[in-house]
Number of protein chains: 2
Amino acid sequence: MAKDTRLRMIETTARLLQHRGYHGTSLNDILQESGAPRGSLYFHFPGGKDQLVIEATRAAVDEATEALREALVNAKTPAQGVRAYAETAADIMRETDYTFGCPVAPVILDATAGLTELADLCRQALEDWSELLRKSFVEAGIPKRRADALALLVISSIEGALVITRAYRDCRSLTTTAAELEAAVAAALPQQRVT
Amino acid sequence: MAKDTRLRMIETTARLLQHRGYHGTSLNDILQESGAPRGSLYFHFPGGKDQLVIEATRAAVDEATEALREALVNAKTPAQGVRAYAETAADIMRETDYTFGCPVAPVILDATAGLTELADLCRQALEDWSELLRKSFVEAGIPKRRADALALLVISSIEGALVITRAYRDCRSLTTTAAELEAAVAAALPQQRVT
DNA sequence: ATAAAAATATGACGATCATCATATTATATA
DNA sequence: TATATAATATGATGATCGTCATATTTTTAT
């Protein structure tokens with residue numbers, strides 16, 4: 001039961017961060033939503049809010065990274081993998097009534113100056129996702145240069161589509177982007193055209 | 001000198017909003033950075049912070065819309081127009097030391113629930129930008145369906161690239177995306193291949 | 001069973017938040 | 001110049017922010 005409270009706090013923090021950003025998420029919100037006892041906060045997280053935010057972001061990032069990896073592994077082609085990941089994101093958005101999204105974007109845009117560890121974490125997440133895509137593309141026979149640019153395009157447009165999906169409360173932007181990305185990646189593949 | 005204070009407050013607010021989001025921007029910050037007198041705030045903006053935020057966002061959105069329109073008008077092809085706009089955005093990012101970006105993304109991700117007027121404003125902005133692109137694409141001979149999807153892809157990926165550019169403090173993501181988008185739009189054009 | 005440690009409870013701290021009432025100064029109109 | 005209105009000054013409001021010291025309860029180890 002010890003780690004239970006701690007874990008619940010992290011999960012709640014991750015959820016609120018994605019919904020309202022760093023400045024929009026207060027410790028009171030976290031305590032209330034997680035039902036965690038007030039006195040436990042600085043016991044489990046002596047570093048206060050910043051430590052909690054960092055751990056929550058790291059957890060959410062790891063989850064997203066794993067989902068992307070699985071989507072790429074389970075797909076026949078990287079093009080289909082990209083699309084599958086985007087569709088999964090769309091499902092989550094619908095399920096959560098458009099309150100979630102990317103774990104790093106809200107934190108980045110909240111400009112938590114001074115929190116270099118958090119900034120590094122976000123940058124590293126983007127780097128990891130990019131690397132996963134790049135590797136998948138190269139393995140499918142796409143030239144390195146091209147794979148590089150494509151990976152960036154994929155991450156950028158999914159990131160942006162998540163924002164737009166939030167604004168519209170509608171997944172059309174995400175699914176349309178997913179289809180476009182699938183086509184773009186497929187067009188870069190060397191052989192084996194789909195009938 | 002009357003409207004001067006008011007205008008300066010709006011500009012400062014727009015700047016801070018893009019940098020730190022809704023919750024991260026306090027009235028004290030705005031007053032300090034704009035040098036505006038404390039007593040003037042609720043005189044010029046009886047609606048308080050919300051009114052100020054809405055007006056600032058509207059101003060920033062209008063500016064971005066105008067920039068996009070001009071980029072599309074001045075370009076030979078919509079493909080070049082898209083790229084030109086993205087390059088302009090990259091210039092601004094560099095000039096402002098990566099503190100700015102899209103006027104609506106930070107507000108959207110801050111989930112200012114209840115502020116329906118602000119949410120509507122952001123949605124309308126995305127709609128306007130999409131419409132500008134769509135029209136430009138259709139006029140260049142791209143089929144309506146295709147123009148629709150392309151416009152969404154362009155906005156999504158620029159939006160996302162701006163976030164990533166902020167994280168990296170480097171415009172590579174934005175310029176690479178710009179090149180990819182130019183190619184994607186160019187490929188959809190019916191005739192007249194560039195030598 | 002007892003001591004030690006881990007976890008939670010309680011409540012207060014100063015700082016800052018958005019808001020606003022009231023007073024004073026500047027500007028325009030007559 | 002007299003007067004009305006616009007603009008700024010000042011300071012207080014209650015609420016909430018993150019933080020933390022201290023006390024109590026629960027769990028673990030002996």
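Throughout, a chain's letter reflects where its sequence line sits, starting with A, and its residues are numbered from 1.
A:L109 pairs with exactly one of B:I108, B:V107, B:L109 by the side-chain contact (heavy atoms from CB on, under 4.5 Å) rule, that one being B:L109.
Applying the 4.0 Å criterion to OP1 and OP2 of C:dA6, one finds that A:H44 has every side-chain N and O outside that range. For the pair B:Y42 and C:dT19, the criterion of a side-chain N or O lying under 4.0 Å from OP1 or OP2 is met. Contact between the side-chain N/O atoms of B:T5 and the OP1/OP2 oxygens of D:dT8 is found at a separation under 4.0 Å.
To the nearest 0.5 angstrom, A:I164 atom CD1 is 11.5 Å from B:C122 atom SG.
Between the side chain of B:T65 and the backbone N or O of B:V61, at least one donor-acceptor pair lies under 3.5 Å.
If you measure from atom CE of A:M9 to atom C1' of C:dA7, you get 11 Å, rounded to the nearest angstrom. Rounded to whole Å, atom C1' of D:dT8 lies 12 Å from atom CG of B:L41. In this structure, B:L115 atom CG and C:dA18 atom P are separated by 13 Å, rounded to whole Å. Note: CZ (B:F45) to P (C:dC20) measures 15 Å, nearest angstrom. Note: CD (A:Q51) to P (D:dT19) measures 11 Å, nearest angstrom. Counting to the nearest Å, the C1' atom of C:dT16 and the NZ atom of B:K49 are 12 Å from each other.
Listed candidates were C:dA18, C:dT8, D:dA6. Nearest to the side chain of B:F43 is D:dA6.
Under the 4.5 Å side-chain heavy-atom criterion for Ile, Leu, Val, Met, Phe, Trp and Tyr, A:L132 and B:Y168 are members of the same hydrophobic cluster.
Scanning all heavy atoms of the two residues, the minimum distance from B:L72 to B:V82 falls at CD2-N, 4.2 Å.
Non-hydrogen atoms lying under 4.0 Å from DNA chain D are contributed by B:P37, B:R38, B:G39, B:S40, all within residues 11-40 of chain B.
When the side chain to side chain donor-acceptor pair (under 3.5 Å) test is applied to B:E182, the partners found at least two apart in sequence or on another chain are B:R83.
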